[in-house]
Amino acid sequence: MELSQEVFAKLQSFYEPDLRKLILKNGSLLQAKEGDLLIREGQYLNFLPIVIEGKIRVYQEKDDREILLYYVEQGQTCMMSLSSVYFDYYSAANGIAVQPSNILVLPANIVSEWQLRFPSWNTFIISTFKSRYDELLSSFKSVAFQPVNVRLKDYLLSYVENHDSRKIPLSHQTLANELGTTRVVISRILKQFEVEKKVSLNRGFVYVKDKLLF
C-alpha cells in the first residue's frame, strides 16, 4: 500500500527533507491486524519494518515455549530485522502484531547507504541497537537471577500500573509466554497467590485484589 504524507507525518525522527522524500519514494505501508505474524524465525529479510502505529511482539520459540525479547512500538524498528538486513542473514526471531498496526516497510538495500548520508537516520540506527541491547540485558538478568514467582509478581503489578486496572485479561499461557516459562508453572504460582489472597483467578483473567498485598 502506498505511503501517504498524513501517515508518514507521525514519524518525527527523520528531519532532513531529502531523507523524508526518499522514504516516501521507497517506502510502502503494511497494515496488520492483531495476531498477524509479520516475521518468522528463519525467514530471509529483504526489508526493514518501522512501526508507525501499533505494537509488535518479538519473540523466539522452541519446544512449544516462547521467550519474549522485546516489543516494537511507534517510531521504532526491530533490532533482529535490522541485524538481518545489515549482515544479510535470516531472522533470528518471530514478530507478531499484538495490536492493529501500520508499518513502514523499506527495502534492505538502502539502510546502510542512508546511514552514511543522513545524521537522523544514523542516530535512529545506533539508538535502536543501544536501546534493544539494554532491554535484552535487562531481560537476561531477570531470567537468570530472579525466580519466576518474583517475575510474575512484578509483571502483574506493572500491568496494573500501566493499564490503571486490577483486571488482567491474560490467560495463563499468555503469561507463561511473556515470562519464558510453562503454563503449569504459572498456574501453580497463581494458585499460591490466590491462597495468599493476593489475586483471584477467573476464566480469561486474573484480578489483583490489592497491589499492596504483594
Side-chain angles (χ1 to χ4, degrees), residues 3 8 10-16 19-20 22-23 26-32 34-62 65-146 151 155 158 162 174 177-180:
L3 184 65
F8 179 60
K10 297 183 179 182
L11 292 180
Q12 302 298 321
S13 300
F14 312 120
Y15 55 80
E16 296 95 338
L19 174 59
R20 297 182 71 86
L22 285 171
I23 291 175
N26 292 277
S28 59
L29 182 67
L30 172 65
Q31 294 182 309
E34 180 180 345
D36 282 354
L37 187 62
L38 305 173
I39 298 171
R40 291 178 174 82
E41 188 171 353
Q43 176 183 349
Y44 181 76
L45 294 181
N46 59 357
F47 64 92
L48 180 70
I50 300 177
V51 174
I52 296 176
E53 291 180 309
K55 193 174 185 179
I56 308 301
R57 182 176 186 266
V58 180
Y59 65 98
Q60 290 183 321
E61 186 175 17
K62 186 176 182 180
R65 290 178 60 177
E66 294 182 6
I67 180 71
L68 171 67
L69 299 178
Y70 48 79
Y71 285 100
V72 184
E73 302 187 67
Q74 182 176 333
Q76 300 177 340
T77 189
C78 171
M79 184 183 73
M80 296 295 179
S81 299
L82 192 55
S83 298
S84 297
V85 165
Y86 260 94
F87 302 108
D88 195 31
Y89 60 68
Y90 300 98
S91 174
N94 302 292
I96 189 170
V98 294
Q99 297 174 359
S101 301
N102 288 325
I103 301 161
L104 167 64
V105 177
L106 293 169
N109 62 328
I110 51 82
V111 174
S112 58
E113 175 192 340
W114 287 0
Q115 192 174 6
L116 297 174
R117 293 179 58 187
F118 301 108
S120 69
W121 183 262
N122 182 56
T123 298
F124 174 71
I125 298 298
I126 293 174
S127 297
T128 295
F129 278 115
K130 175 64 168 60
S131 62
R132 297 307 180 204
Y133 173 81
D134 290 344
E135 286 177 317
L136 289 173
L137 184 60
S138 177
S139 295
F140 171 77
K141 287 181 178 178
S142 177
V143 172
F145 301 115
Q146 288 187 322
R151 291 194 286 125
Y155 185 93
S158 177
N162 292 334
T174 299
N177 292 342
E178 290 290 281
L179 297 174

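Pairs passing the ring-ring contact (aromatic ring centres under 6.0 Å, His included) check and including a residue from residues 85-104, sequence neighbours excluded, read Tyr44-Tyr90.
Side-chain contact between Ile126 and Gln115 is present, with heavy atoms from C-beta onward closer than 4.5 Å.
Remark: Glu34 CD to Asp36 CG distance equals 9.5 Å, nearest 0.5 Å. Here Met80 contributes atom CE and Arg132 contributes atom CZ; the two are 10.0 Å apart, rounded to the nearest 0.5 Å. We find the CG-CG distance between Leu106 and Leu22 to be 10.0 Å, quoted to the nearest 0.5 Å.
Side-chain atoms of Asn46 never come within 3.5 Å of backbone atoms of Ala108 as a donor-acceptor pair (strictly under, hydrogens ignored). Remark: side-chain polar atoms of Glu16 are paired, donor with acceptor, to backbone N or O of Ser120 under 3.5 angstrom.
Among all heavy-atom pairs drawn from Leu179 and Arg151, the shortest one is O-NH1, 2.8 Å. Nearest heavy-atom pair, Leu11 versus Gly75, reported as atom, atom and distance to 0.1 Å: CD2-CA, 3.7 Å. Nearest heavy atom pair, residue Lys55 against residue Ser101, reads N-OG, 3.2 Å. In terms of heavy-atom proximity, Leu68 sits nearest to Tyr59 at CA-CB, 4.1 Å.
Applying the 6.0 Å contact sphere to OH of Tyr15 captures more than 12 heavy atoms from other residues, nucleotides or ligands.
None of Leu104, Ile110, Leu82 except one satisfies the side-chain contact (heavy atoms from CB on, under 4.5 Å) rule with Leu48; the exception is Leu82.
Take Tyr71 and apply the side-chain hydrogen bond (donor to acceptor under 3.5 Å, both in side chains) test, not counting sequence neighbours, and it matches Glu178.
In this structure, Phe14 has its ring center closer than 6.0 angstrom to the ring center of Phe124.
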